[in-house]
Amino acid sequence: MLEPFVSSIDFSSGKLRDYDNKLDRKLSSMLGMFADKDIFDQMLAKEDSMVYEVFEKEVPEQSGQLAHAVTVIHPGKVGNEYFMTKGHFHVKENNAEIYLGIKGNGGIIMQNKEGQSSYYPIEPGTVAYVAPYWAHRTVNTGNVAFSFLAIYPADAGHDYGSIEQIGFPKLVVEQNSHPELVDNPKFTR
Ligand code: M6P
Ligand code: ZN
């Protein structure tokens, strides 16, 4: 049986200090996910920049366990589209998730299977509830690292499926120095 434990977030960097696993997502692991392919290719040819890092505590992927991780999205854009996570549905579609904003400014874009979308800005202290059945992706809309804590059932599973090719109904882009939602041309339903 797993024993109780604690971990700690460094609020100045937004990172989890005593993580067990770290996942690095660089531009090269996000092929086809940003709308402007030409700019993406130019950026990747120059440098395979880090887009986001996920600092995880290890818990068994079993019903009843709560996985928790801190994600740090670096500041940056591909064209006018903010750096973002891949985004996923849960394999167990009826599993919810909680995000808590730690550092920086960002947002969460969600979609359900009917193609409806929902967007909320996240700042330090914001608690976002990802309802069951909603896919979720976060974006960094600021000039510094955007960090948040995620808590979710450890056996929820990640379903990247069509999101890797098509994405979300809306793109989160910078317009006149502000985040705006625009229609995703690849998303047709
Ligand atoms: C959060 C959680 C994780 C997820 C991570 C990165 O920390 O939702 O489950 O893996 O963000 O998001 P993604 O897997 O969509 O790239
Ligand atoms: Zn999730």
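These numbers come from a predicted model, not from an experiment. In each ligand, atom 1 is the first atom listed, and ligand 1 is the first ligand listed. Numbering of residues begins at 1 and proceeds along the displayed sequence.
- Residue contacts with ligand 1, taken as heavy atom pairs separated by less than 4.0 Å, do not involve Arg137 at all.
- The closest protein non-hydrogen atom to atom 5 (C) of ligand 1 is Thr71 OG1, 3.7 Å.
- Counting only distance, with no hydrogens or angles, the side chain of Asn140 and the backbone of Val144 share a donor-acceptor pair below 3.5 Å.
- For the Zn ion (ligand 2), the nearest N, O or S atom contributed by Glu97 is named OE1.
- In the candidate list Ile163, Asp159, Thr85, Thr85 is nearest to atom 12 (O) of ligand 1, counting heavy atoms.
- For the pair Asp10 (side chain) and Ser12 (backbone), a donor-acceptor distance under 3.5 Å is present.
- Heavy-atom proximity to His158, at under 4.0 Å, picks out these atoms of ligand 1: 3 (C), 4 (C), 9 (O), 10 (O), 14 (O).
- When only interatomic distances are considered, the shortest N/O to N/O separation between Ala69 and ligand 1 does not fall below 3.5 Å.
- Of the residues Glu81, Gln165, Arg137, the one that meets the side chain to side chain contact (heavy atoms under 4.5 Å, CB included) test with Met33 is Arg137.
- Of all atoms in ligand 1, listed by their number and element, those nearer than 4.0 Å to a heavy atom of Ala150 are 1 (C), 2 (C), 7 (O).
- The shortest side-chain heavy-atom distance between His88 and His136 falls under the 4.5 Å cut-off.
- In the vicinity of Tyr52, heavy-atom distances shorter than 4.0 Å reach the ligand 1 atoms 6 (C), 13 (P), 16 (O).
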Practice item. Step by step, work out the side chain to side chain contact (heavy atoms under 4.5 Å, CB included) result for Lys86 and His158. Key: CA-CA 11 Å; Lys86 288 183 169 209; His158 294 77; over 6 Å; no
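- Remark: ligand 1 atoms within the under-4.0 Å shell around heavy atoms of Glu97 are 2 (C), 8 (O).
- Closest to the Zn ion (ligand 2) among the N, O or S atoms of His88 is NE2.
- Using a 4.5 Å heavy-atom cutoff, the side chains of Gln62 and Asp155 are not in contact.
- The cationic group of Lys113 lies under 6.0 Å from the six-membered ring centre of Phe89 and within 45° of the ring axis, placing it in a cation-pi geometry.
- Nearest protein heavy-atom contact of atom 14 (O) of ligand 1 is Tyr160 OH, 2.5 Å.
- The number of heavy-atom neighbours closer than 6.0 Å to CD of Glu164, taken from other residues, nucleotides and ligands shown, is above 12.
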